[in-house]
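What follows is a set of notes on a single structure, which appears directly below.
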There are 2 protein chains.
Amino acid sequence: MTRKVVELLASHGIQPSAHRVAVAQYVLTTDEHPSADRVWSRVRERFPMISRATVYNALNLFVEKNLLCELHLAPDSVVFDPNMGRHHHVIDDESGRIYDLPWDQVQVRNIGTINDFEIRDYQVVMHGRRKARKRS
Amino acid sequence: MTRKVVELLASHGIQPSAHRVAVAQYVLTTDEHPSADRVWSRVRERFPMISRATVYNALNLFVEKNLLCELHLAPDSVVFDPNMGRHHHVIDDESGRIYDLPWDQVQVRNIGTINDFEIRDYQVVMHGRRKARKRS
DNA sequence: TGCCGGACTTAGACGATGTCTAATTGCCGA
DNA sequence: TCGGCAATTAGACATCGTCTAAGTCCGGCA
């Protein structure tokens, strides 16, 4: 797994230093949409001497190199999303957690009719409550 | 105009103090989606001794009383939107400015097919470039 | 008129978040 | 081994928003 991450970083033009690999290993495999400081504390669990600046540097570098998306959706959370495929987001009003929703699950019509803007990208942002999932 | 604002505040259960009216007068009539600190500096132009806490208090109160929407869409900007009707947003990648788009301009299908969440609200968030508008 | 109480406002401290800088470390090639 | 460059570091700094404790304003009441 570490090998895969190293290759992934390299293939995006990023020197795979030990610290960067540690950050990547966590942030690329989580689905919890962590904030930068959350990434820091997570990575520190295994890498206690890593500094905040290094984590921020790594995250910003990953975003710049298109390995991560930076999301600005909800209060108190600029957040990182390793899911680079197109998808929508649902924000749970109670917990503040962000969930991914498959691109095909909803469709947006008439983006083409917008005249004043050249739309490069879009997504649907939903707010709601996560349903208590069945036990079945 | 001041009279209208006073009535509006009162009708939402807000004591219309002089400072609150000043904040409301600016934030309810602008379309620039200002950040809280931007509101502060704008209001200070006419009301130089108003403190930051007062502006923040007023804005939070307005949000709580459904006079304003708080938007969390873009980097560096939690932002306030006096347009309480449903609408979508376009973010200009160059300037970072946020524009409103009428609700009818695009349609979203299949929200009803989402099983894991009870969707309370949604909107389409677009990124793009504002076209240089014709001179005609 | 003078006093009281509650709502409003204030300055500034505070905590959280993110950036910057200067110094240090570590690695690699000559 | 040495030199140089990239990566990393601690900590200072800026910004944003909240909180607190004190001060001000104003209406009601004697």
Side-chain angles (χ1 to χ4, degrees), chain A residues 2 5-6 9-10 12-27 32-44 46-65 67-81 96 98, chain B residues 5-6 9-10 12-27 33-44 46-65 67-81 96 98:
Chain A
T2 298
V5 172
V6 170
L9 294 187
H12 283 254
I14 300 168
Q15 272 299 333
S17 74
H19 287 172
R20 286 174 183 169
V21 170
V23 172
Q25 219 154 58
Y26 165 64
V27 82
E32 58 182 1
H33 297 89
S35 70
D37 263 38
R38 176 151 192 79
V39 174
W40 185 36
S41 55
R42 286 293 203 185
V43 172
R44 249 183 321 172
R46 318 174 128 241
F47 233 115
M49 0 58 59
I50 195 170
S51 86
R52 203 148 67 105
T54 300
V55 173
Y56 277 81
N57 287 344
L59 289 173
N60 289 339
L61 185 64
F62 294 171
V63 169
E64 190 185 315
K65 299 294 190 179
L67 212 62
L68 279 184
C69 250
E70 218 177 340
L71 299 178
H72 307 263
L73 296 177
D76 291 325
S77 56
V78 176
V79 123
F80 297 90
D81 192 343
I98 297 173
Chain B
V5 172
V6 170
L9 294 187
H12 283 253
I14 300 168
Q15 273 297 335
S17 75
H19 287 173
R20 286 174 182 169
V21 170
V23 172
Q25 218 153 60
Y26 165 65
V27 82
H33 297 89
S35 70
D37 263 38
R38 178 152 190 77
V39 175
W40 184 36
S41 56
R42 286 294 204 183
V43 172
R44 250 183 321 173
R46 318 174 127 238
F47 232 115
M49 0 59 59
I50 194 169
S51 86
R52 201 148 66 105
T54 300
V55 173
Y56 277 80
N57 287 344
L59 291 172
N60 290 339
L61 185 64
F62 294 172
V63 169
E64 190 185 315
K65 299 292 190 180
L67 214 60
L68 279 184
C69 251
E70 218 176 339
L71 299 179
H72 307 262
L73 296 177
D76 291 326
S77 56
V78 177
V79 123
F80 297 91
D81 192 342
I98 296 173

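It should be emphasised that the depicted structure is a prediction, and the values quoted were computed from it without experimental measurement. In what follows, chains carry the letters A, B, and so on, assigned in the order in which the sequence lines appear, proteins first and then strands, with residues in each chain numbered from 1. Values below: all heavy atoms of this structure, side chains included; hydrogens, waters and symmetry mates excluded.
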In whole angstroms, the gap separating P of D/dC19 from CG of B/Asn60 amounts to 9 Å
Polar atoms only, N or O, under 3.5 Å: list the protein pairs with nucleotides 22-27 of chain D and their distances.
none

Hey, is the main chain of B/Ile98 close enough, under 3.5 Å, to the side chain of B/His33 for a donor-acceptor pair?
yes
Mind checking what makes side-chain hydrogen bond (donor to acceptor under 3.5 Å, both in side chains) contact with B/Asp37, not counting sequence neighbours?
B/Tyr56
Spacing of A/Phe47 atom CZ relative to D/dA7 atom P, expressed in whole Å
15 Å
Are any non-hydrogen side-chain atoms of A/Leu9 and A/Val21 less than 4.5 angstrom apart?
yes
Less than 4.5 Å apart, side chain to side chain, heavy atoms only: is that true for A/Val63 and A/Leu59?
no
Proximity to DNA chain C (any heavy atom under 4.0 Å), residues of residues 14-23 of chain A only:
none
Quick one, A/Trp40 and A/Thr54 - any side-chain contact, counting heavy atoms below 4.5 Å?
no
A/His12 side-chain N/O to A/Lys65 backbone N/O, donor-acceptor pair under 3.5 Å:
yes
Rounded to the nearest 0.5 angstrom, the NE2-CG distance for B/His72 and A/Leu71 is 14.5 Å
Would you mind reporting whether A/Pro16 and A/Val5 have side-chain heavy atoms less than 4.5 Å apart?
no
Mind calculating the distance between CH2 (A/Trp40) and P (D/dT8) to the nearest angstrom?
16 Å
Is the shortest side-chain heavy-atom distance between B/Leu67 and B/Leu61 below 4.5 Å?
no
Pull out every residue in residues 49-58 of chain A that has a heavy atom closer than 4.0 Å to any atom of DNA chain D, ordered by number, or say none.
A/Met49, A/Ile50, A/Ser51, A/Ala53, A/Thr54
How many angstroms lie between CD in B/Gln25 and CZ in B/Arg46, if you round to the nearest 0.5 Å?
7.0 Å
List, with names and distances, any nitrogen or oxygen atoms from the protein found under 3.5 Å away from nitrogen or oxygen atoms belonging to nucleotides 26-30 of chain C.
none

pair B/Phe47-B/Val23: side-chain heavy atoms closer than 4.5 Å:
no
Quick one: A/Glu64 CD to C/dT19 P, roughly how many Å, whole number?
12 Å
Which residues pass the salt bridge (Lys or Arg N to Asp or Glu O under 4.0 Å) test with A/Glu32, not counting sequence neighbours?
A/Arg38, A/Arg42
Starting from P on D/dA10, measure out to CZ on A/Arg44 and report it in whole angstrom.
10 Å
Check: A/Arg20 side chain, A/Gln15 main-chain N or O, donor-acceptor pair, under 3.5 Å:
yes
Quickly work out the B/Arg38 CZ to D/dT15 P distance and round it to whole Å.
15 Å
